[in-house]
Amino acid sequence: MRKTLYTLLLPIIVCSCTGQEDKEEEYAGRMLDAARTLMTEGNYVAAKDSILAMRETFPTAFKARATGIIVMDSIELLAAQDTLAIMDSTLRAEQEILKKLEAEKRRGHNAEYYRQRTDVFHLKQRFDELGAKVKFYLRKIEVDILERDKGFDGDTNE
């Protein structure tokens, strides 16, 4: 009798659990859509917060969480690209100032020139770091998409 009861209850339990998981994926997907909207509007902090809230609220929405990783990387990429654009214009302006100071050739009064040269050097370093960060996130997004698709298609080569 118990085996029959368990046999009848098992499909009901499985179906009820599956429905809950689908709802969690749906709700988590809505939060991801909101994060994407915030990201396209340039509100990167709110977009990150939305994804972090989705992770905490729906810990078993694995598909949404995998997509959330890609969206989070996209947010980081866009923020780095925005900063890189600002840094590029700043670096160009500072280089122009340096060129003017180099052309003056003021002997004995070079403190301003050396300060400007140091500033340009540090701006170049920061610019190169941001460029590397952009390249990193571009590559990371590619790998994350491949891993996500491989994981959900069941095509594992292990």
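All values reported here derive from a predicted model rather than from experimental measurement.
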Exercise for review: Please lay out, stage by stage, how Ile97 and Lys100 fare under the test side chain to side chain contact (heavy atoms under 4.5 Å, CB included).
Suggested key: CA-CA 5 Å; Ile97 294 170; Lys100 289 178 184 175; 5.8 Å; no
Practice item. Please lay out, stage by stage, how Arg115 and Asp119 fare under the test salt bridge (Lys or Arg N to Asp or Glu O under 4.0 Å). Key: CA-CA 6 Å; Arg115 184 196 51 79; Asp119 290 348; 2.9 Å; yes
Exercise for review: Might you work through the side chain to side chain contact (heavy atoms under 4.5 Å, CB included) test for Leu84 and Asp88, ending with a clear yes or no?
Suggested key: CA-CA 6 Å; Leu84 186 65; Asp88 182 48; 5.7 Å; no
Practice item. List the steps and the verdict of side chain to side chain contact (heavy atoms under 4.5 Å, CB included) for Met39 and Lys48. Key: CA-CA 8 Å; Met39 179 180 69; Lys48 285 182 186 180; over 6 Å; no
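When hydrophobic clusters are built by joining Ile, Leu, Val, Met, Phe, Trp and Tyr residues whose side-chain heavy atoms come closer than 4.5 Å, directly or via intermediates, Val143 is not grouped with Leu77. One hydrophobic cluster holds both Met87 and Tyr137 under the rule that ILVMFWY side chains link at heavy-atom gaps under 4.5 Å. Following chains of ILVMFWY side-chain contacts shorter than 4.5 Å, one cannot reach Leu78 starting from Leu138, and the two form parts of different hydrophobic clusters. Placement of Tyr44 and Met31 within a single hydrophobic cluster is found when ILVMFWY residues are connected by side-chain heavy-atom separations under 4.5 Å, directly or transitively. Both Tyr114 and Leu123 sit in one connected hydrophobic cluster of ILVMFWY residues. Membership requires side-chain heavy atoms under 4.5 Å apart, directly or through other members.
One finds no salt bridge joining Glu26 and Lys23 here, because no Lys/Arg side-chain nitrogen approaches an Asp/Glu carboxylate oxygen to under 4.0 Å. Note on Asp144 versus Lys140: salt bridge recorded, some NZ/NE/NH1/NH2 to OD/OE distance being below 4.0 Å. Remark: Glu102 does not engage Lys99 in a salt bridge, criterion side-chain N to carboxylate O under 4.0 Å. Taking a cutoff of 4.0 Å between a charged side-chain nitrogen and a carboxylate oxygen, Arg36 and Asp33 qualify as a salt bridge.
Annotation: the span from Met54 atom CE to Glu56 atom CD amounts to 10.5 Å, rounded to 0.5 Å. Taking CG from Asn110 and CZ from Arg117, the interatomic distance works out to 9.5 Å, rounded to the nearest 0.5 Å. Atom NZ of Lys63 is separated from atom CD of Glu24 by 13.5 Å, given to the nearest 0.5 angstrom. A distance of 11.0 Å separates CG of Leu130 from CG of Leu91, quoted to the nearest 0.5 Å.
Taking each heavy atom of Arg65 and Arg55 in turn, the nearest pair found is NH1-O, 2.8 Å. Residues Gly29 and Ala64 share a closest heavy-atom pair of N-CB, 4.4 Å.
Although no hydrogens or angles enter the test, the distance criterion places no donor-acceptor pair under 3.5 Å between the side chain of Arg148 and the main chain of Thr67. Without hydrogens or angle criteria, Glu25 side chain to Phe62 main chain gives a donor-acceptor distance under 3.5 Å. A side-chain donor-acceptor contact under 3.5 Å links Gln116 to the backbone of Glu94. Remark: side-chain polar atoms of Ser50 are not paired, donor with acceptor, to backbone N or O of Ala46 under 3.5 angstrom. Under the 3.5 Å distance criterion, the side-chain polar atoms of Ser89 are matched with a main-chain donor or acceptor of Ile86.
Side-chain atoms of His122 and Thr118, non-hydrogen and from C-beta on, do get closer than 4.5 Å to each other. Side-chain contact between Tyr113 and Leu98 is present, with heavy atoms from C-beta onward closer than 4.5 Å. Between Val134 and Glu129 the shortest side-chain heavy-atom distance does not fall below 4.5 Å. With a 4.5 Å cut-off on side-chain heavy atoms, Thr83 and Lys133 do not count as touching.
Remark: Asp128 pairs with no residue by the side chain to side chain contact (heavy atoms under 4.5 Å, CB included) rule, at least two apart or across chains.
Only one option out of Ile51, Asn43, Ile70 pairs with Ile75 in a side chain to side chain contact (heavy atoms under 4.5 Å, CB included); it is Ile51.
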